[in-house]
Amino acid sequence: MALSTATQPDAVPEQCPALACWRLDTSGQTLVLASWDGHLPGIVYWGPALPAAEDLVALAAGQLRPLGPGTLDQVAELSICPEEGRGFPGQPGLRLRDGHGRPLPTQFRLEGVEADREAICVRAVDGRHRGLRYRARFEVAPEDEVLRAWAAIEGGEDLGLALDWLAAPVLPLPEDAPDFIDYAGRWSQELGEARVGFARGVHLRESRRGRPGHDHFPAVVVPRPGATATAGGVHGVHFGWSGGHRMIVEALPDGRRQLQFGLSCSRDGLDRGGFDRDGLDRDDRDGGGGFESGVIHFAYAEGGLSGLGRAFQSHVRRHVVRLPEPAGPRPVHYNCWEAVYFDHDLEVLKDLAARAAGLGAERFVLDDGWFGKRDDATSGLGDWQVDPRKYPEGLGPLIAHVEGLGMDFGLWVEPEMVSLDSELARAHPDWNLAPAGYAQISGRGQQVLDLTRPAVAAHLFERLDALLSAHRIAYLKWDSNRDVTLPVGEDGRDLSYRRTRALYRLIDRLRARHPGVEIESCASGGARLDYGMLQRCTRVWLSDSNDARERWRMQTAAATFLPPEVVGSHVGPRRCHSSGRVLPMAFRAAVALTGHMGFELDLRELTGAEAATLRRATAFYKENRAFLHNAAEYRLETGRAEASARMRVDAAKSRFLLFAATLAVSRDEATVPLRLAGLGPDCRYRVRLCNPELLEAAATRHFPSPLLAEAGLVLSGAALMRAGLVLPLAFPDTLWILEGRALVAEGDRA
Ligand code: GLA
């Protein structure tokens with residue numbers, strides 16, 4: 001049997017042999033594809049790294065399954081696109097219909113496979129309809145631990161094809177894992193980690209909302225048996241698409257399991273265009289060619305959920321987000337939304353800006369309410385002209401004031417939408433996205449524009465370009481506050497795919513024209529947190545909840561896929577607007593500084609003590625952000641429902657910051673040791689509590705630990721990880737911050 005490996009690009013099977021294999025490696029994982037008899041390959045191995053000299057043919061052969069009683073005479077292949085035409089009994093990876101609407105099963109045959117250390121490209125042609133082609137690409141960037149893959153269908157125009165479903169390359173899931181983690185939620189309760197037990201059959205999640213949605217962050221995590229938050233092998237997959245999507249987890253009767261991600265829509269004919277490796281829309285450049293599935297980002301990692309999080313965080317840092325100044329600090333935001341809502345008064349805003357600057361803010365963000373006639377959420381969207389009633393001299397005086405305070409200026413926009421009560425809607429009643437004869441159901445009193453119309457896209461580009469050209473704007477908060485309910489054009493065509501692509505194109509054009517402007521992805525909080533947006537944005541607004549207790553939970557969950565520097569995290573009002581909870585400033589500020597910090601409250605409500613606490617926390621964020629935004633993150637096991645802790649460690653393992661939250665009243669009389677992670681075992685660290693001032697307000701009566709002493713507690717990394725540290729007792733809503741520094745000067749290894 002012939003073997004071709006990914007490390008030998010010339011070893012492409014000319015006449016596809018009976019069994020051919022290819023591999024793609026990161027430093028910690030190996031992916032092996034195998035094709036039998038020239039059929040589409042399947043993934044026969046995805047897990048911890050295999051030896052370079054591994055016999056892949058033997059590996060694949062060792063995975064061959066016996067025929068079960070009462071089954072077909074061959075085991076139907078779980079390929080990267082399981083085909084009905086090859087007898088696959090589960091969910092197929094592709095559903096096509098011919099010009100008469102009849103199902104068109106495929107039997108693809110390999111045309112060629114190009115493989116090197118960074119990519120495997122699969123090309124196949126259908127056995128009956130030679131013009132119909134399937135291709136897939138798996139790739140990994142040097143030193144990245146996360147792989148990417150997507151599939152495409154090309155040709156077949158003569159068949160008048162309609163495509164109902166195309167999955168990104170299908171991943172097998174481990175047969176021995178008891179359960180997987182799915183993400184559920186709602187507005188202001190994003191990223192709920194839900195454990196779902198594997199059961200025979202299909203677990204289908206579909207966002208038909210035109211955006212990923214609050215209720216379904218597009219990702220799945222599958223821990224191996226026994227894996228925890230901190231230890232064991234974990235598989236994770238994220239679908240980087242900003243429109244609706246469908247996710248299928250299926251357990252077949254023979255024990256095999258598959259995961260499919262793809263776009264949620266059916267369309268009348270193959271679409272054109274796709275993504276290049278940077279996710280840019282290339283339709284305009286080379287005329288496209290086929291329909292692409294959307295990109296999965298996936299990794300196997302050791303070290304539990306937090307090991308997986310480190311892989312994805314580093315991937316996003318280095319290969320997804322493109323900051324205008326990658327090395328620049330993430331500035332402290334002040335956002336006026338929860339302070340004034342729509343009630344904009346220049347003098348009040350100037351006062352808030354001055355207070356924010358005094359507390360350490362570096363960017364002032366003018367949220368909703370500055371344009372059109374926008375006194376509440378019922379009117380004005382679409383009229384991207386400054387409201388002269390509120391700003392008689394335009395935005396210039398406010399921007400000058402903000403800049404005079406040493407801050408830069410950011411602005412809220414919601415370009416994809418229109419209020420019925422707006423100049424835009426009156427001038428262009430036909431610009432809404434709806435099939436002829438249907439009235440769109442409104443959401444937050446607004447309608448969705450049909451971005452796929454060139455006139456709409458051109459108008460929005462012109463308006464936003466004019467705003468960015470006329471003012472010094474460093475940042476746009478790009479909002480999208482409603483679901484897309486019927487993404488169908490006037491002519492009845494499904495436009496969900498094209499709409500998302502048109503959105504990408506609009507943002508890409510703006511960023512190309514204004515490369516210094518940062519854009520934040522917001523969708524009523526966190527309804528659009530995917531990597532498709534993050535390829536064009538530098539920050540996500542994780543949630544409209546500024547409740548620090550909720551935020552701590554959400555930010556912990558987000559850390560599996562998002563590095564902290566892209567996660568907008570604001571200090572909210574004393575009494576939280578989305579939960580009614582009253583939380584101490586020390587807690588609100590400490591939680592905010594673990595992400596991309598900002599303030600979002602009426603600063604006039606602050607007492608002197610609260611202002612001092614916020615100022616101190618902001619200074620701490622600034623002193624430590626270079627460290628925090630480059631460090632590796634570890635979740636810790638606390639063994640207690642009321643306690644939750646994460647820490648960040650630099651690459652040299654010479655420093656760490658530990659954040660330990662108490663979220664509810666403890667059932668125990670005292671605290672138990674917290675075991676740290678990620679440290680150099682032989683390295684000695686000096687550990688100190690950074691916020692001992694909280695002791696007074698906490699539940700601790702007496703805490704004789706050297707953590708409070710000037711000299712701190714000096715222990716090896718091994719001891720910190722194995723024996724752990726006892727922290728002071730705390731009332732709920734306390735976040736202890738500890739710092740550890742390696743004692744290089746004393747001759748220890750850093
Ligand atoms: C959405 C956002 C909020 C705020 C409002 C403004 O709800 O998530 O942060 O910008 O819109 O209307």
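For clarity, every value in this text was computed on a predicted model and none was experimentally measured. Residues take their numbers from the sequence shown, with the count starting at 1. Atoms within a ligand are numbered from 1 in the order they appear, just like the ligands themselves.
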Set of side chain to side chain contact (heavy atoms under 4.5 Å, CB included) partners for A592, sequence neighbours left out: S569, V571, M597
Sequence-distant partners of A631, side chain to side chain contact (heavy atoms under 4.5 Å, CB included), two or more places apart: F627, R648
Any pair counted as salt bridge (charged side-chain N to carboxylate O under 4.0 Å, His left out), so long as it reaches residues 184-194, sequence neighbours left out: E193-R635
Ring centre gap for H297 and Y531 strictly below 6.0 Å: yes
Aromatic contact, W370 with F342 (centres under 6.0 Å): no
Sorted by chain and number, the residues that approach ligand 1 to under 4.0 Å with a heavy atom: W337, D367, D368, W412, R444, K477, D479, N481, C522, S524, G525, W541, D544
Ion pair R539/E518, N-O distance below 4.0 Å: no
